[in-house]
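Notes follow the structure.
Here is how names work: the chains are called A, B, and so on, in the same order as the sequence lines, proteins then strands, and each is numbered from 1.
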Number of protein chains: 2
Amino acid sequence: MPTTSIRGNKMPDSPIRKLVPLANQAKQRGIHVYHLNIGQPDLPTPQRALDAIRSIDRKILEYSPSEGILSLRQKLAAYYHKFKINVDVEDIIVTAGGSEAVTFAFMSCLDPGDEIIVPEPAYANYEAFAIVAGAVIKSIPSKIEEGFALPPIEEFEKLISPKTKGIMICNPNNPTGYLYTQSEMNAIRDLVKKYDLYLFSDEVYREFCYTGAPYISAFHLEGIEQNVILIDSVSKRYSECGIRIGALISKNAEVRRNVMKFCQARLSPPLIGQIAAEASLEETDNYLMASYNEYVERRKFLIDGLNRIDGVYSPIPMGAFYTVAQLPVDDSDKFCAWLLEEFNYEGETIFMAPATGFYTTPGYGTNEVRIAYVLKKKDLAKALIILEKALEAYPGTVYKHNH
Amino acid sequence: MPTTSIRGNKMPDSPIRKLVPLANQAKQRGIHVYHLNIGQPDLPTPQRALDAIRSIDRKILEYSPSEGILSLRQKLAAYYHKFKINVDVEDIIVTAGGSEAVTFAFMSCLDPGDEIIVPEPAYANYEAFAIVAGAVIKSIPSKIEEGFALPPIEEFEKLISPKTKGIMICNPNNPTGYLYTQSEMNAIRDLVKKYDLYLFSDEVYREFCYTGAPYISAFHLEGIEQNVILIDSVSKRYSECGIRIGALISKNAEVRRNVMKFCQARLSPPLIGQIAAEASLEETDNYLMASYNEYVERRKFLIDGLNRIDGVYSPIPMGAFYTVAQLPVDDSDKFCAWLLEEFNYEGETIFMAPATGFYTTPGYGTNEVRIAYVLKKKDLAKALIILEKALEAYPGTVYKHNH
């Protein structure tokens, strides 16, 4: 039997999805599982998107252009303009979700051995996409005690070497819910300019900022327009994760030329997803406002509830729909598996993502979990009760705080 | 401005799509362009697939499982059994088209510097996907005078080094239309067994074999079941290239474990595409028979017509819906661009794929083009007239045969 690749072997298991088999087994045993592990909103997809799909009158479901359907790219440009992101249609390349956008950005800009600096905890799949590109992530831990604010920019500068090609941020942040401030973004801008780095900025949660603080896009930063690669996706804002439509936006023609070669190799983004995404962009603000209001309530309810449980601490997330909470457990991987394999409270249990997978620094995140508040308040209420009961029953619960 | 990646820079332009801007400009000038460049059939997508999309009754277009929807994988297993490909549901992983299947196969099995042997001309994007994985393609030219039959297996063996990890074939072949014989497949099997190589086998055109000779799947070869990675796609057989649904099939659990990590990183294959693909698999044999009959006629018509043009030669393809034809031109890249930029006959022109992009050996394919017979006979008739008139007018036409 030939050997598999070293790269494939060192690909991390998804912290969000690796426990899915255990969840499926629990369901087969008749246990109801609350999914707090994955950013799959339970809010309805816009009716317009569903209607657009249902009224497709094509005879042939054919390839679309490699860069995406023009009318979709035009609507995306108009959408970004509403956020004062001044990009042209030609700057926008449609991808199969934000995932493909990150992959193609890394493939186009980074060679094997090149380094990017990422504040952690970070969206776990950045590490996976870096491995795909052979690039190396240098992490700087942010701290739960500081609400996961951007670590001091000096910490970034210490890591810069001749191999450093870029910085990757997610704003508002998955998994922490942190929203970078103007001064933090300015510090990043200055560093990007000083060392002529790429700034990969994943901003798929821009609609979900809860504190009144402004959303600062990487494209709002002056003087680094050629350095910014914006990652976007319609998945979260329109609750249509399954259609796999995202975008890579860059004003750097060289970058776009490379990205387009990867796009042409994979032929097209999904056709029907593009039709749904285009219809979603015509949705009224009422739709997004209703989603926003729902998340505001859930956030308050969840965070209050978490902080009332003995030994549990969660900062108040400022955006997105996740929080990273500290739990009084020996090992969050073991605890999350135990919840699915051995525990239930009145026939129900919860599925959370162990935070270890969101750090690359060994030993970090062992007493933290990521919780997505993508469920209705009544479900979150039950999930909180289950968490409390589980911590009482779990053999590895230790009522002291450590990192 | 930071530099782009060496890998991105060396990614080839798609020979199928790189001339698209010239085609678009021709269309803007009011010229009708016959698309012979791309394997986008003009046959209708199965009505069942369209109906399935139109009757979606979901409220949320959510993520599907990373490995694909179970009921689709079950229908795929039953479909393969009809071809005596005895795979289980668990062997089947749904991907975003055959493109993603090849990419994940290479990423999971090959490390940077690893080599695979590919008879050429070959589907151009194999080279692109090899670059994505950092792998190296070692090519063995097949010859138009021999109808692009498999080169002698001794030629393969000469290229085997400690870095050789696999062989990649496409059967029936894109771009040549060649169908590998039992004895050719046995020779490949023996080599794969002798050196314990992977056999990546792209068999997306299995329905389209025209000569009565049998279709031999890599999975029909005994003793190398753990070595075979089958690439599939519903795009061609159901004329639904835009839905982006393919599959990677392997009986090797180690390979599948690696592939699944790449699948989880990109979250899901397209949801609506999977729904369409599943419905397509329920289509009656009449649909495929009608497609088959149509291609049989077009093939005869096109090949006869090509061989009647002075200086043009095409072997008779045995499968798929492409042929590689020799033209009496100085440079097929220049000729194909000239057709779009400077030529028209009665307001019409043709778009063909220069064959240079299907070879990695420099200098090969400069007087060959790939032609897809995915248009109606009346359109092919016009395309043949345009080709004849173009060769008469093209400054670089040279009426002698060379390779």
Atom [atom1] in [X], atom [atom2] in [Y]: separation rounded to 0.5 Å?
| X | Y | atom1 | atom2 | answer |
| --- | --- | --- | --- | --- |
| B:Leu191 | B:Arg189 | CG | CZ | 11.5 Å |
| B:Phe106 | B:Tyr198 | CZ | OH | 12.5 Å |
| A:Tyr123 | A:Met168 | OH | CE | 10.0 Å |
| B:Leu199 | B:Ile229 | CG | CD1 | 9.0 Å |

- [ ] Answer yes or no: does atom CD1 of A:Ile6 have more than 12 heavy-atom neighbours from other residues, nucleotides or ligands under 6.0 Å?
- [x] no
TODO: Take atom NZ of A:Lys163 as the centre, draw a 6.0 Å sphere, and report whether it contains more than 12 heavy atoms from other residues, nucleotides or ligands.
DONE: no
For the pair [X] and [Y], find out whether any cationic side-chain nitrogen is under 4.0 Å from an anionic carboxylate oxygen.
| X | Y | answer |
| --- | --- | --- |
| A:Glu225 | A:Lys251 | no |
| B:Glu283 | B:Arg48 | yes |
| B:Asp51 | B:Arg54 | yes |

- [ ] Verify, without hydrogens or angle tests, whether B:Tyr287 (side chain) and B:Ser280 (backbone) share a donor-acceptor contact under 3.5 angstrom.
- [x] no
Under 4.5 Å from any heavy atom of chain A, what part of [X] do you find: side chain, backbone, both or neither?
| X | value |
| --- | --- |
| B:Tyr126 | neither |
| B:Ser64 | backbone |
| B:Val259 | neither |
| B:Arg244 | side chain |

Looking at [options], which has the largest count of heavy-atom pairs under 4.5 Å with chain A?
| options | answer |
| --- | --- |
| B:Ser14, B:Pro2, B:Ser99 | B:Pro2 |
| B:Ile131, B:Asn227, B:Asn125 | B:Asn125 |
| B:Met107, B:Arg266, B:Gln47 | B:Met107 |
| B:Thr3, B:Asp196, B:Leu271, B:Asp13 | B:Asp196 |
| B:Ser66, B:Gly97, B:Ala96 | B:Ser66 |
| B:Ala276, B:Pro44, B:Ser5, B:Ala133 | B:Ser5 |

Contact winner vs chain B - [options], heavy-atom pairs under 4.5 Å:
| options | result |
| --- | --- |
| A:Glu127, A:Glu240, A:Gln40 | A:Gln40 |
| A:Val20, A:Leu267, A:Ile243, A:Ile272 | A:Leu267 |
| A:Ile224, A:Thr103, A:Leu43 | A:Leu43 |
| A:Pro46, A:Ser108, A:Ala124, A:Ser239 | A:Ser108 |
| A:Gln226, A:Lys59, A:Arg257, A:Lys165 | A:Lys59 |
| A:Ala128, A:Ser268, A:Ser235, A:Gly134 | A:Ser268 |

TODO: Give the ring-plane orientation class for B:His35 versus B:Phe351, where under 30° counts as parallel, over 60° as perpendicular and anything between as tilted.
DONE: tilted
Task: Close side-chain approach of A:Ile116 to A:Phe200, heavy-atom, < 4.5 Å - done: yes
Does any heavy atom of chain B fall under 4.5 Å from the side chain of [X], the backbone, both, or neither of them?
| X | answer |
| --- | --- |
| A:Phe262 | both |
| A:Ile56 | both |
| A:Asn252 | side chain |

